[in-house]
Amino acid sequence: MDQPPTSWADDLAEEIQTSYPAVRLQLGIDRGPYLVVFWILLPESERGNGLGTRVMEHVTAAADLRGVSITLSPSDTFGADLDRLHEFYRRLGFIANTRRGEIGAPRESMVRAPRDPAATDRAQSMNTGFGRGPGEQRNSGWR
């Protein structure tokens with residue numbers, strides 16, 4: 001019997017879980033298209049040591065290469081501190097989704113516009129940080 005085709009989001013989730021076996025996550029593609037981070041779970045013993053940052057940099061790099069925005073809604077469902085999660089995602093370039101509820105807009109509470117992968121590569125090679133800062137996103141209609 002034929003397997004249903006997988007999306008690049010499914011392939012990315014599998015790649016991350018292979019690279020970081022302690023991490024569990026679910027990704028998907030929503031209309032727009034947007035890469036949606038439905039949930040991500042790090043064991044408590046792994047929190048605060050940079051694993052979450054490495055995983056999310058992996059996710060953002062893949063979305064940037066495809067020119068796709070990422071959406072997510074931070075939650076304390078798995079025991080995380082909601083304020084810390086919001087700050088974590090802001091450091092990665094996510095902003096409040098001010099278009100939430102509009103027709104065609106993502107449903108999640110935070111969004112990150114794609115960054116120019118070439119700019120990210122140049123920044124990494126110069127060891128000056130990971131691409132543009134949160135306030136330096138390409139104009140994508142997000143306020």
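Position 1 is the first residue of the sequence, and the numbers go up from there. Keep in mind that the numbers below use all heavy atoms, side chains included, and drop hydrogens, waters and symmetry copies.
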Going from [atom1] on [X] to [atom2] on [Y], what distance comes out if it is rounded to the nearest 0.5 angstrom?
{"X": "Asp11", "Y": "Ile16", "atom1": "CG", "atom2": "CD1", "result": "11.0 Å"}
{"X": "Leu85", "Y": "Arg90", "atom1": "CG", "atom2": "CZ", "result": "10.5 Å"}
{"X": "Gln17", "Y": "Leu25", "atom1": "CD", "atom2": "CG", "result": "5.0 Å"}
{"X": "Gln26", "Y": "Leu41", "atom1": "CD", "atom2": "CG", "result": "12.5 Å"}

Within the structure provided, determine whether [X] and [Y] are in side-chain contact (heavy-atom separation under 4.5 Å).
{"X": "Leu35", "Y": "Leu12", "answer": "yes"}
{"X": "Asn97", "Y": "Ser109", "answer": "no"}
{"X": "Val68", "Y": "Ile70", "answer": "no"}

Below 4.0 angstrom, N of the basic side chain to O of the carboxylate: do [X] and [Y] qualify?
{"X": "Glu87", "Y": "Arg84", "answer": "no"}
{"X": "Glu57", "Y": "Arg54", "answer": "no"}
{"X": "Arg112", "Y": "Asp64", "answer": "yes"}

For the residue pair [X] and [Y], what are the closest heavy atoms and their distance?
{"X": "Met56", "Y": "Leu92", "result": "CB-CD1, 3.4 Å"}
{"X": "Ala105", "Y": "Tyr34", "result": "CA-OH, 4.1 Å"}
{"X": "Ala13", "Y": "Leu27", "result": "N-CD1, 3.8 Å"}
{"X": "Arg100", "Y": "Arg107", "result": "NE-O, 2.5 Å"}
{"X": "Ala22", "Y": "Pro43", "result": "O-CD, 3.3 Å"}
{"X": "Val23", "Y": "Ile40", "result": "CG1-CG1, 4.2 Å"}

Worksheet entry | Arg47 side chain vs Leu42 backbone, donor-acceptor pair below 3.5 Å |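 Checked: pair present.
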Discussion item. I'd like to know whether CD of Glu14 has more than 12 heavy-atom contacts from other residues, nucleotides or ligands below 6.0 angstrom.
Written reply: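 No - once you tally the heavy atoms of other residues, nucleotides and ligands closer than 6.0 Å, there are 12 at most.
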Worksheet entry | Candidate pair Val36 and Ile29, rule side chain to side chain contact (heavy atoms under 4.5 Å, CB included), full reasoning | CA-CA 6 Å; Val36 182; Ile29 305 295; over 6 Å; no
Discussion item. Please evaluate residues Leu51 and Tyr20 with respect to the criterion side chain to side chain contact (heavy atoms under 4.5 Å, CB included), reporting the C-alpha separation (whole Å), side-chain torsions for both, the decisive distance (0.1 Å), and the verdict.
Written reply: CA-CA 8 Å; Leu51 178 61; Tyr20 307 100; 3.4 Å; yes
Item to complete: Identify the residue among Phe88, Tyr89, Phe94 that makes a side chain to side chain contact (heavy atoms under 4.5 Å, CB included) with Pro74.
Response: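 That would be Tyr89; it is the only one of Phe88, Tyr89, Phe94 passing the side chain to side chain contact (heavy atoms under 4.5 Å, CB included) with Pro74.
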Discussion item. Under 6.0 Å from the ring centre and within 45 degrees of the ring axis: does the NZ or CZ of Arg66 meet both conditions for the six-membered ring of Trp8?
Written reply: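 The answer is yes, since Arg66 meets both limits relative to Trp8.
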Discussion item. Pairing donors with acceptors under 3.5 angstrom, does anything connect the side chains of Glu108 and Thr71?
Written reply: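 Present: a donor and an acceptor within the cut-off.
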